[in-house]
Amino acid sequence: DAKTTQPTSMDCAEGRAANLPCNHSTISGNEYVYWYRQIHSQGPQYIIHGLKNNETNEMASLIITEDRKSSTLILPHATLRDTAVYYCIVAPFGNEKLTFGTGTRLTIIP
Amino acid sequence: DSGVTQTPKHLITATGQRVTLRCSPRSGDLSVYWYQQSLDQGLQFLIQYYNGEERAKGNILERFSAQQFPDLHSELNLSSLELGDSALYFCASSVEDRGVAFFGQGTRLTVV
């Protein structure tokens, strides 16, 4: 699986948009970008995934650059409950061996 | 609530013992995955079952084994436990063998 690079930590003010970057410059053509988050030792929670088009669901938006070498997860109106570790994972669709790196620890500040 | 149920939530046992962790997947999901999360290793994929058959294997120790039953629930058996086996063990499920995975809340195993 392609390797991803994420900032170790980020802060965001409550109510503002949280933009979490991910670099995946070695991504292959058949690999998707997945985002999961883990809130304080709870089970990881699936957020969103995409191949090359931008995606949006009720939780977040995923913006993938045209060359697919990087992406940004956007939480449009961050709340305190969005404080978590966010993992960007690149893998073929539904790859069972999801490789979780160290992720970005996002802290939402009141 | 992801719909994946893991029991027990917490388990404390002594070195050398054997334990069984249980996972009930979401209704309709055929695939079950097991992950281990320890402080110094992050989330590690252990093994996957699809409709009762082993589908993929990761960094699972020989002392560990798993199975998926006809009703699709799965059990992870850990034997000859060592202090280093203390970790969170997560189960995840998906509809098919290559779907987006939904995780349970985990079993926290402490080996003393």
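These numbers come from the heavy atoms of this one structure, side chains and all, not from hydrogens, waters or symmetry mates. Reminder, nothing fancy here: chain letters follow the sequence lines and each chain counts from 1.
Cluster membership check: B:Leu78 shares its hydrophobic cluster with B:Tyr49, using side-chain heavy-atom separations under 4.5 Å among Ile, Leu, Val, Met, Phe, Trp and Tyr. Using a 4.5 Å cut-off between side-chain heavy atoms of Ile, Leu, Val, Met, Phe, Trp and Tyr, with links allowed through other members, A:Ile47 and A:Ile74 fall into different hydrophobic clusters. In terms of hydrophobic clustering, with Ile, Leu, Val, Met, Phe, Trp and Tyr side chains grouped at heavy-atom distances under 4.5 Å, B:Tyr50 and B:Leu76 are assigned to different clusters. Residues A:Ile63 and A:Tyr32 do not share a hydrophobic cluster, defined by chaining ILVMFWY side chains whose heavy atoms lie under 4.5 Å apart.
Using a 4.5 Å cut-off between heavy atoms, B:Gln44 makes no contact with chain A at all. For A:Ser41, the parts lying near chain B are the backbone and the side chain together; criterion is any non-hydrogen pair under 4.5 Å. Only the side chain of A:Gln38 has a heavy atom closer than 4.5 Å to any heavy atom of chain B.
Heavy atoms of other residues, nucleotides or ligands lying less than 6.0 angstrom from CZ of B:Arg26 number more than 12. Other residues, nucleotides and ligands contribute over 12 non-hydrogen atoms within 6.0 Å of the CD1 atom of A:Ile39. Within 6.0 Å of the CZ atom in B:Arg63, the count of heavy atoms belonging to other residues, nucleotides or ligands exceeds 12.
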- Task: Dump the intermediate steps for side chain to side chain contact (heavy atoms under 4.5 Å, CB included) on A:Phe100 and B:Tyr35, then the final yes or no.
- Result: CA-CA 10 Å; A:Phe100 289 81; B:Tyr35 285 80; 4.0 Å; yes
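Between chain B and the options A:Gly43, A:Pro44, A:Gly103, the largest number of non-hydrogen pairs under 4.5 Å is found for A:Pro44.
Taken to the nearest 0.5 Å, the CG atom of B:Leu43 stands 11.5 Å off from the OG1 atom of A:Thr102. Within the model, atoms OH of A:Tyr46 and CZ of B:Phe103 stand 12.5 Å from one another, a figure rounded to the nearest 0.5 Å. In this structure, OH on A:Tyr36 lies 7.0 Å from CZ on B:Phe102, to the nearest 0.5 angstrom.
Residues A:Gln42 and B:Phe90 approach most closely at O-CZ, 3.5 Å, considering heavy atoms.
Taking 4.5 Å as the limit, some side-chain heavy atom of B:Val100 sits within range of a side-chain heavy atom of A:Tyr34.
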